[in-house]
A.B. asks: 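I'd like to ask some things about the structure below.
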Number of protein chains: 2
Amino acid sequence: MKNLITHIKKYVTITDDEANKLTEIIEVKNLKRKAYLTRAGDICKYNYFVSQGCLRMYFIRENGTEQITQIAIENWWLADYMALLKQQETPFFIQAVEKSTILALDVNAAENLFKQIPQLERYYRIMFQFSYAASQFRIKYLYDYSREELYHHFATQFPEFVQRVPQYMLASYLGFTPEYLSEIRKKK
Amino acid sequence: MKNLITHIKKYVTITDDEANKLTEIIEVKNLKRKAYLTRAGDICKYNYFVSQGCLRMYFIRENGTEQITQIAIENWWLADYMALLKQQETPFFIQAVEKSTILALDVNAAENLFKQIPQLERYYRIMFQFSYAASQFRIKYLYDYSREELYHHFATQFPEFVQRVPQYMLASYLGFTPEYLSEIRKKK
DNA sequence: CGGATCGTTGATCAACTTCAACGGTCGTGG
DNA sequence: CCACGACCGTTGAAGTTGATCAACGATCCG
């Protein structure tokens with residue numbers, strides 16, 4: 001919980017009283033490795049903050065294979081925002097990659113808090129703006145580079161990820177097969 | 001300008017006075033076909049709203065070909081948000097696909113307005129949340145479908161785009177060559 | 001210690017690109 | 001308002017990139 005308040009205070013100024021109001025509507029979840037927060041078909045109501053540990057978000061393709069679309073470590077928010085917005089069934093699974101402590105924020109409760117605490121809404125405006133910017137950047141990468149280049153860029157830009165997640169997850173996140181990742185690593 | 005105020009009022013309630021304050025810091029740009037709002041290497045300060053017309057955002061790859069990453073029609077915001085955030089040179093060009101009327105919002109001036117008008121910050125929180133959700137969805141599509149399937153999904157979901165932009169732009173946006181698009185269309 | 005999971009290897013195959021060439025049409029200058 | 005040049009869509013052949021499948025060895029964890 002401390003982690004979240006510290007993170008918020010990096011971007012906006014909130015009083016202790018306001019922080020407490022937020023804390024009241026947040027649920028702490030201690031997950032062991034491979035535990036699920038969300039499964040495909042669920043109706044979602046939470047936005048998840050990684051306080052400690054690592055989450056992955058993935059869906060299952062028609063042919064039965066997993067496709068990871070996002071990986072989140074400490075101080076990242078993760079959710080299927082389309083499913084939250086439209087209150088539709090999510091196609092995604094959200095699972096702990098390792099033992100994790102997750103903060104679950106009920107988005108409806110949060111909407112109410114925004115009316116009382118504009119600074120909190122400001123924090124989320126900044127978070128979403130940043131997330132969208134990162135997403136635009138990622139889409140550019142996906143279009144710009146070959147799979148092999150994607151791996152090299154990612155491995156040099158985010159070495160902490162490469163060490164933390166198994167190779168097959170990395171391959172899935174980057175959009176190719178574990179076999180091909182093997183081949184890339186052999187080349188170099 | 002009317003279009004923007006109408007759009008904002010769909011999501012939040014603002015007074016006429018607040019709307020006027022916003023209007024004061026917005027610049028209206030009338031662009032002819034192929035005119036540029038931004039070129040690669042520019043330092044950006046504006047967030048663009050398409051009041052009338054159509055914009056495309058693209059970058060140039062090492063081999064000299066264009067890669068379109070975004071297309072925006074009426075009531076969409078468009079900018080390189082990473083470049084805005086970090087005040088770095090953008091790698092993107094933003095160009096009018098057809099004769100367009102664009103509203104340019106100075107993001108620094110907007111940040112100041114947010115302090116006076118929390119409802120405006122709320123509007124942007126909702127916009128960015130929605131944009132990010134759409135972006136997550138798009139990334140899922142990119143991973144889930146073959147190029148051919150991408151085209152069919154896109155053509156049925158957004159027929160208005162297919163009619164408005166030339167085929168080679170559509171091919172570029174979807175991540176493949178005009179030649180291959182030709183082949184797909186021939187098949188069906 | 002034993003079973004499941006993970007990374008690797010090699011052969012074959014499908015999706016999509018590249019290149020070159022051609023015909024149609026669109027819009028711009030005279 | 002017409003003619004011409006530039007741009008756009010199409011075709012087909014050859015070439016790449018990365019997927020699929022099957023099999024094997026290593027390692028991790030209970």
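Only this structure's heavy atoms are used, side chains among them; waters, hydrogens and symmetry mates stay out. Lettering follows sequence order; numbering is per chain, from 1.
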A.B. asks: What string of B, S and - do you get for nucleotides 6-13 of chain D, 5' to 3', if B is base contact, S is sugar-phosphate-only contact and - is no contact with any protein heavy atom under 4.0 Å?
C.D. replies: --SSBBS-
A.B. asks: Parallel, tilted or perpendicular for B/Phe158 and B/Phe154, by the 30°/60° rule?
C.D. replies: tilted
A.B. asks: Taking B/Ala96's backbone N and O only, do any of them form a donor-acceptor pair with B/Ser100's side chain (distance below 3.5 Å, no angle check)?
C.D. replies: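 Looks like no, no N/O pair under 3.5 Å.
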A.B. asks: Where the side chain of A/Gln67 meets the backbone of A/Ser172, is there a donor-acceptor pair that is under 3.5 Å apart?
C.D. replies: yes
A.B. asks: Using the six-membered ring of A/Phe161, assess whether NZ or CZ of A/Arg164 lies under 6.0 Å from its centre and within 45 degrees of the ring axis.
C.D. replies: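 Ring-cation test returns no.
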A.B. asks: Any idea how A/Tyr48 and A/Tyr46 line up, ring-wise: parallel (<30°), tilted (30 to 60°), or perpendicular (>60°)?
C.D. replies: tilted
A.B. asks: Between which nucleotides of DNA chain C, read 5' to 3', does contact with chain A run, using atoms under 4.0 Å from its heavy atoms?
C.D. replies: C/dC6 to C/dG10
A.B. asks: What class does the angle between the rings of B/Phe130 and B/Trp76 fall in, given that below 30° is parallel, 30 to 60° is tilted and above 60° is perpendicular?
C.D. replies: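 It falls in the tilted class, 30° to 60°.
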A.B. asks: So which heavy atom on B/Tyr143 is nearest to which on A/Thr69, and how close?
C.D. replies: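 Where B/Tyr143 meets A/Thr69 most closely, the heavy atoms are CD1-CG2, 4.1 Å.
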A.B. asks: Specify whether B/Tyr81 and B/Phe128 have parallel, tilted or perpendicular ring planes, treating 30° as the upper limit for parallel and 60° as the lower limit for perpendicular.
C.D. replies: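 Geometry flag for B/Phe128 against B/Tyr81: perpendicular rings.
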A.B. asks: Checking B/Arg39 against B/Tyr36: charged group under 6.0 Å from the ring centre and within 45 degrees of the axis?
C.D. replies: yes
A.B. asks: Angle between the end axes of the helix from C/dC1-D/dG30 to C/dG30-D/dC1, five pairs per end, to the nearest 10 degrees?
C.D. replies: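 One end's axis against the other's: 60°.
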A.B. asks: Taking the six-membered ring of B/Tyr123 as reference, does the cationic atom of B/Lys10 (NZ for Lys, CZ for Arg) lie under 6.0 Å from its centre and within 45° of its axis?
C.D. replies: no
